[in-house]
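Here's the structure we're looking at; comments come further down.
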Amino acid sequence: MSATSNVRVRFAPSPTGALHIGGVRTALFNWLFARHHGGTFILRIEDTDQTRSTDESIRIILDGMKWIGLDWDEGPFRQTERMQIYREHVDQLLKAGKAYRCYCTPEELDARRKEAMAAGKPPKYDRKCRSLTAPVPGRTAAVRFLSSDEGQTIVRDIIRGAVTFENQQLDDLIIQRSDGLPTYNFAVVVDDVTMKISHVIRGDDHLNNTPRQIQLYQAFGYEPPQFAHLPMILGSDKTKLSKRHGATAVTEYIDLGYLPEALVNYLSRLGWSSGDQEIFSPQELIEKFSLENVGKAPSVFNPEKLIWLNHHYIQQADPARLATLVLDLLRKDGLVKSEPDTEWFKKLVTILTERSHTLVEMKTGAIPFLADDIAMDEKARTKHLTPDVAPLLSELADRLKAADPFTHDEIEKVFTALVTEKAIKLGKLAQPVRVALTGGTVSPGIYDVIEVMGKDKTIKRIEAAIGMAK
């Protein structure tokens, strides 16, 4: 098979919890590879671990994939719906003498492993059941694969090159448990063969499974797919990315107010590069992506870089889309008493984009414009709403009442005239007004704030601030 002919790749998560950010990157690289080569991207749910797999986790995976924009061409397939296929392949190996039934109990296996280790031997299965000619009464058998214990198995990896494993280190792995369920290493081979997977692109934590899987391909007479094992994603302390480093599940990034295009752009650069380019459109990613440009070294997750990218995409986003997303967050938190005018709210969102790095920050910034009353920061009030400011605010309120039209430019003229007459710096007037209107010292430009807030609410809040200042 050539490197790019009939490309068929898959993302195969286990539905045992949230969709981890590392899994999203694996899905993204598979998706980009398929789209680059005009191939097929398959979604497969590996749910044979019935003690941990849940329908809720499957829903979270599907929702996360849709949110990030990774559309699949086939699936989602569930392994629990493919049991007959696995049983047929187990029977095929049994009939060919390449697998055998094992009646050993977990307790017996554990005892023999400890004996082997005490004797300085590898704790691998000793093939006790290999020579059995009849079932063991009262026991239900598992099925083991008869692996080769001589020579070497070489994994020819697109990213890592040739990786050699000594076959004597591999034992006869169980391919079907005593309850009839297939094990991971067996099911994944059968699935990849029957789904005609051409390239297996997955995390390097699966690399040690690969020689076992290659032997299974060979036992069936199948040509193995091409492998590409992606480097790990590490936290800032160079250890495996976990919750102690911050958000690790894609749903957390949705809740934190990230845009999917920011996460896609960031994850695409986590282990892959195309020159010095940092910002990519989806089409550019598809055009430029290649496994040859994926590095071997682990990548360090940098939350600050992701925030920077998110800020960039917020600034570039369509105001109507941002308005919908921010309004949804406000509704979710019960902060919308009546639906705001659509055009007005788009204008509000537009002025919030300059300082906002997440949709959550935009939501927070929108609250003073929607609320009847505001929560005022006590330090800001004490510092800026002082008695000497009261006359200044009173003069400003009178002039704003007369401003017509009530636009950014007219409001700026009012401020400019007043600070010029009083021979003061703009900040001496603008900061008290900002505190009066928003409750804090950080906001969009003060003229934009006043214009969007509107004359009535602006005057009302300035007059309330005058009372505080006095």
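The structure displayed is predicted, hence computed values, not measured ones.
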Please report the C-alpha distance between T40 and D73 in whole Å, then the side-chain angles of each, then the deciding distance to 0.1 Å, and finally whether the side chain to side chain donor-acceptor pair (under 3.5 Å) criterion is met.
CA-CA 6 Å; T40 302; D73 305 302; 5.0 Å; no
For this session: Take T54 and R59 through the test side-chain contact (heavy atoms from CB on, under 4.5 Å) and record every step on the way to the result.
Result: CA-CA 9 Å; T54 66; R59 184 193 64 76; over 6 Å; no
Checklist entry - Are R101 and Y103 in a cation-pi setup, meaning NZ or CZ lies under 6.0 angstrom from the ring centre and within 45 degrees of the ring axis? => result no
Does R10 qualify as a cation-pi partner of F41, given the criterion of NZ or CZ under 6.0 Å from the six-membered ring centre and within 45 degrees of its axis? no
State whether E339 and R331 are salt-bridged, where the test is any N-O pair (Lys NZ or Arg NE/NH1/NH2 against Asp/Glu carboxylate O) under 4.0 Å. yes
Please report the C-alpha distance between M65 and W72 in whole Å, then the side-chain angles of each, then the deciding distance to 0.1 Å, and finally whether the side-chain contact (heavy atoms from CB on, under 4.5 Å) criterion is met. CA-CA 9 Å; M65 293 282 287; W72 51 90; 3.6 Å; yes
Interatomic distance, OG@S147 vs CD1@I214, rounded to 0.5 Å, equals 13.5 Å
Practice problem: List the steps and the verdict of side-chain contact (heavy atoms from CB on, under 4.5 Å) for L359 and L259. | Solution: CA-CA 8 Å; L359 297 176; L259 294 175; 4.0 Å; yes
- Query: Passes side chain to side chain donor-acceptor pair (under 3.5 Å), H229 versus R160? Steps please.
  - Reply: CA-CA 7 Å; H229 288 90; R160 300 176 176 278; 5.7 Å; no
(request) Could you walk me through whether D172 and K98 pass the salt bridge (Lys or Arg N to Asp or Glu O under 4.0 Å) test, one step at a time? (result) CA-CA 10 Å; D172 293 355; K98 297 177 180 179; over 6 Å; no
Self-check item: Under 3.5 Å: donor-acceptor pair, side chain of K346, backbone of D341
Solution: no
Mind checking whether W272 and F289 have parallel, tilted or perpendicular rings, split at 30° and 60°? tilted
For the pair D55 and S57, evaluate side chain to side chain donor-acceptor pair (under 3.5 Å) and give the outcome as yes or no after the intermediate values. CA-CA 5 Å; D55 288 340; S57 291; over 6 Å; no
Per side chain to side chain donor-acceptor pair (under 3.5 Å), Y86 is matched among T48, D191, D91, T194 by D191
- prompt: How are the rings of Y253 and F301 set relative to one another: parallel (under 30°), tilted (30 to 60°) or perpendicular (over 60°)?
  reply: tilted
**Item:** Y313 ring center within less than 6.0 Å of Y258 ring center
**Value:** no
Closest non-hydrogen contact found for A228 with I159 is CB-CD1, 4.0 Å
Taking every heavy atom of W31 against every heavy atom of G69, the minimum-distance pair comes out as CZ2-O, 4.1 Å
### Message
Assess whether a salt bridge exists between R44 and E46, defined as any Lys/Arg side-chain N lying under 4.0 Å from an Asp/Glu carboxylate O.
### Response
yes
For A366 and L330 the tightest heavy-atom approach is CB-CD1, 4.2 Å
**Asked** Less than 4.0 Å between a side-chain N and a carboxylate O, is that true for D157 and K296?
**Response** no
query = Salt-bridged, D171 to R212, with N to O below 4.0 Å?
reply = yes
Which word best sums up how the rings of F186 and F220 line up, parallel for under 30°, tilted for 30 to 60°, or perpendicular for over 60°? tilted
- request: For the pair E115 and K121, find out whether any cationic side-chain nitrogen is under 4.0 Å from an anionic carboxylate oxygen.
  value: no
Exercise. Are H408 and Y447 an aromatic pair by the rule of ring centers under 6.0 Å?
Worked result: yes
Checking P76, S53, P15 against I58 for side chain to side chain contact (heavy atoms under 4.5 Å, CB included), the one that qualifies is P15
For E88 and R82, run salt bridge (Lys or Arg N to Asp or Glu O under 4.0 Å): C-alpha distance rounded to whole Å, both residues' side-chain angles, the deciding distance at 0.1 Å, then the answer.
CA-CA 10 Å; E88 290 170 358; R82 296 169 54 80; over 6 Å; no
> Does the gap between the ring centers of F29 and H36 come in under 6.0 Å?
Replying inline: no
Give me the ring orientation class for F33 and H37: parallel if the planes are under 30° apart, tilted from 30 to 60°, perpendicular past 60°.
perpendicular
Fill in: E354 and L352: CA distance, side-chain angles, deciding distance, side-chain contact (heavy atoms from CB on, under 4.5 Å) verdict
CA-CA 6 Å; E354 184 63 32; L352 293 173; over 6 Å; no
Closest heavy-atom pair, T26 versus G203, reported as atoms and distance to 0.1 Å, is OG1-N, 4.3 Å
Quiz prompt | No-hydrogen, no-angle side-chain donor-acceptor test under 3.5 Å, D47 and T80 | solution = yes
Discussion item. Evaluate R8 against E74 for salt bridge (Lys or Arg N to Asp or Glu O under 4.0 Å), listing each step before the verdict.
Written reply: CA-CA 10 Å; R8 289 176 63 82; E74 295 180 14; 3.0 Å; yes
